[in-house]
Amino acid sequence: MGFDQYHEPAQELSAETRTFARMCANLTEEAEAIGWYEQRMSLEKDPESVAIMQDSLAEEFKHFSMDLEFLLRRKPKWRQIARGTLFQDGDIVANGGAAEAAAAAGSSPEAPAEDSGSGPGRPDSSLGIGSLREDFS
């Protein structure tokens with residue numbers, strides 16, 4: 001059975017690269033599932049059905065966040081750019097551009113005041129995605 005998640009010969013890729021590719025695929029699948037649930041809930045008339053789908057959607061948010069955290073822990077530059085883009089006030093595009101420029105220059109974007117001091121170079125640091133508690137309904 002073939003897998004098309006690799007763009008290079010799988011046998012030539014390191015185990016680390018294959019794992020990274022699998023987690024990228026997981027992230028994509030979770031994002032697709034989130035979109036599917038949003039579409040279904042927008043059309044569903046039965047409140048009990050919607051409640052069940054909302055519960056399922058929360059699981060997809062959790063899985064997406066866990067996949068993202070896994071990937072960011074393995075790519076410090078990606079983590080640095082994410083840190084300067086995610087959960088920031090202001091213009092998303094401008095924040096992303098500033099974070100990318102800071103990463104390219106080898107400097108750190110300013111951390112938000114509530115930052116616990118963990119940094120992108122620390123593999124066990126977290127963006128705090130898993131601790132977010134919001135009603136996503």
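Taking CD1 from Ile52 and CD from Glu44, the interatomic distance works out to 9.5 Å, rounded to the nearest 0.5 Å. Here CZ of Arg74 is found 12.0 Å from OG1 of Thr17. Values are rounded to the nearest 0.5 Å. Summarising the geometry, atom CD belonging to Glu59 is positioned 11.5 Å from atom CD1 belonging to Ile34; distances are rounded to the nearest 0.5 Å. Distance check: Glu38 CD to Gln54 CD gives 9.0 Å after rounding to the nearest 0.5 Å. Rounded to the nearest 0.5 Å, atoms CZ (Phe20) and CG (Leu71) are 4.5 Å apart.
Across Met41 and Leu57, no two heavy atoms sit closer than the pair CE-CD2, 3.3 Å. The two residues Gly96 and Thr85 have their closest heavy-atom pair at CA-OG1, 3.4 Å.
Other residues, nucleotides and ligands place no more than 12 heavy atoms under 6.0 Å from the CG atom of Asp89. For Gln11, the CD atom sits in a packed shell: over 12 heavy atoms of surrounding residues, nucleotides or ligands are nearer than 6.0 Å.
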Return all side-chain donor-acceptor pairs below 3.5 angstrom for residues 25-33, not counting sequence neighbours, or 'none' if the list is empty.
residue	atom	partner	partner atom	Å
Thr28	OG1	Cys24	O	3.1

Could you pull out every donor-acceptor pair under 3.5 Å between side chains of residues 98-105 and any protein atom, sequence neighbours left out?
none

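Stacking of Arg73 on the aromatic ring of Phe70 is not recorded, the 6.0 Å distance cut-off and the 45° axial limit not both being met.
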- Check against side chain to side chain contact (heavy atoms under 4.5 Å, CB included), Leu72 and Leu68: CA-CA 6 Å; Leu72 293 175; Leu68 180 61; 3.8 Å; yes
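Counting only heavy atoms from C-beta outward, the side chains of Arg22 and Tyr6 approach each other to under 4.5 Å.
For Glu69 (side chain) and Asp67 (main-chain N/O), no donor-acceptor pair under 3.5 Å exists by modelled atom type. Panel note: side chain Ser42, backbone Gln39; a donor-acceptor pair is recorded below 3.5 Å.
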